[in-house]
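Single-structure report; data block below.
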Amino acid sequence: MSFTLKGTENLSPEEKYDFIKLFIKGQVRDEKDPLALMANISAIIMALVADLNWAGFYLVREDQLVLGPFQGLPACTRLSYNKGVCAKAWRDQAPVRLADVEAFQDHVACDSASRSELVIPLIKNNKVYGVLDLDSPLLSRFTEEDQKNFVEIVEIFQESL
């Protein structure tokens, strides 16, 4: 199920990213609970970014990533430190962008419809505490520009913590 915010249908992708950033700046000004913020960030991403089938967060809990707020079909609830795209972003403390998830040897297929993926780590005090995970049913969905914008989106969120 997809939906869009009224009045945003004709915005360019860059205008939509600007809208998302403004939305998050407003949210972090008014709300301090990270889970509430993650829930709304997931929703605004799904409402404005085309060709996604999942957008959400995984949070570090001891030696695993545990499912956090998200939009999309039900997902894997726990991911190990040693396997998967999200775990690679966690281990490397760096974004991971895959044009074809099936070409990634340790890919964890929570949704068989996902074909490409972008994962941005959430880092505070030089330590990863979670990741923003974005999945698309299209091959090569995510560009370098997408990655740059999502890194900025995560930075805006993290400044509030």
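Numbering of residues begins at 1 and proceeds along the displayed sequence. The structure presented is a predicted model; accordingly, all values stated were derived computationally and were not measured.
Trp90 is linked by a ring-ring contact (aromatic ring centres under 6.0 Å, His included) to Tyr81, counting only residues two or more places apart in sequence or in another chain. Under the rule for a side-chain hydrogen bond (donor to acceptor under 3.5 Å, both in side chains), the partners of Ser12 that lie at least two apart in sequence or sit in another chain are Glu15. Taking the side-chain hydrogen bond (donor to acceptor under 3.5 Å, both in side chains) definition, one finds that Lys148 meets it with Glu152, sequence neighbours left out. Partners of Thr143 according to the side-chain contact (heavy atoms from CB on, under 4.5 Å) rule, which considers only residues two or more places apart in sequence or in another chain, are Glu145, Asp146. In this structure, Glu31 has no side-chain hydrogen bond (donor to acceptor under 3.5 Å, both in side chains) partners at least two apart in sequence or on a different chain.
Between Leu59 and Arg61, the closest side-chain pair of non-hydrogen atoms falls below 4.5 Å. Annotation: side chain of Ser116 is not in contact with side chain of Asp100 (no heavy-atom distance under 4.5 Å). Within the 4.5 Å cutoff, the side chain of Gln147 has heavy atoms near those of the Leu118 side chain.
Annotation: the span from Ser136 atom OG to Leu98 atom CG amounts to 12.0 Å, rounded to 0.5 Å. With rounding to the nearest 0.5 Å, the separation of CD1 in Ile24 from CD1 in Ile41 is 4.5 Å. Rounded to the nearest 0.5 Å, atoms CG (Asn53) and CZ (Arg141) are 11.0 Å apart. To the nearest 0.5 Å, the span separating CZ on Arg97 from CD1 on Ile120 amounts to 9.0 Å. To the nearest 0.5 Å, the span separating CZ on Arg29 from OG on Ser160 amounts to 12.0 Å. Rounded to the nearest 0.5 Å, atoms NZ (Lys21) and CD1 (Ile156) are 6.5 Å apart.
Cluster membership check: Leu35 shares its hydrophobic cluster with Val154, using side-chain heavy-atom separations under 4.5 Å among Ile, Leu, Val, Met, Phe, Trp and Tyr. Following chains of ILVMFWY side-chain contacts shorter than 4.5 Å, one can reach Leu65 starting from Leu67, so the two form part of one hydrophobic cluster. Hydrophobic clustering (side-chain heavy atoms under 4.5 Å, transitive across Ile, Leu, Val, Met, Phe, Trp, Tyr) keeps Val101 apart from Phe142. Val66 and Phe57 are assigned to two separate hydrophobic clusters, defined by single-linkage of ILVMFWY side chains at heavy-atom distances under 4.5 Å.
Sorted pairs that involve residues 120-151 and meet disulfide (SG to SG under 2.5 Å), not counting sequence neighbours, are lacking altogether. For residues 85-161, every residue pair satisfying the disulfide (SG to SG under 2.5 Å) rule, not counting sequence neighbours, is listed here: Cys76-Cys110. Among residue pairs with one or both ends in residues 11-44, those qualifying as ring pair (Phe, Tyr, Trp, His ring centres under 6.0 Å) are Tyr17-Phe150; sequence neighbours excluded. Applying the disulfide (SG to SG under 2.5 Å) rule to pairs touching residues 8-54 yields nothing, sequence neighbours excluded. Applying the disulfide (SG to SG under 2.5 Å) rule to pairs touching residues 118-161 yields nothing, sequence neighbours excluded. Within the structure, ring pair (Phe, Tyr, Trp, His ring centres under 6.0 Å) contacts touching residues 35-56 (residues at least two apart or in different chains) are Trp54-Tyr58, Trp54-Phe70.
Scanning both residues, Val28 and Lys32, for their nearest heavy atoms gives O-NZ, 2.5 Å. Of all heavy-atom pairs spanning Lys16 and Leu11, the tightest one is CE-O, 3.5 Å. Nearest heavy atoms, Val119 versus Ala89: CG1-CB, 3.5 Å. Closest of all the heavy-atom pairs between Gly84 and Val108 is CA-CG2, 3.8 Å.
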Can you give the donor-acceptor pairs under 3.5 Å from side chains of residues 121-134 to other protein atoms, not counting sequence neighbours?
| unit_1 | atom_1 | unit_2 | atom_2 | d |
| --- | --- | --- | --- | --- |
| Lys124 | NZ | Gln158 | O | 3.3 |
| Lys124 | NZ | Leu161 | O | 3.2 |
| Tyr129 | OH | Gln158 | OE1 | 3.3 |

Quiz item: Does the side chain to side chain contact (heavy atoms under 4.5 Å, CB included) test come out yes or no for Val151 and Glu155, once each step is laid out?
Solution: CA-CA 6 Å; Val151 166; Glu155 288 170 352; 3.6 Å; yes
Practice problem: List the steps and the verdict of side chain to side chain contact (heavy atoms under 4.5 Å, CB included) for Val49 and Ile20. | Solution: CA-CA 9 Å; Val49 179; Ile20 293 168; 3.7 Å; yes
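The local environment of CD in Glu14 is crowded, with over 12 non-hydrogen atoms from other residues, nucleotides or ligands closer than 6.0 Å.
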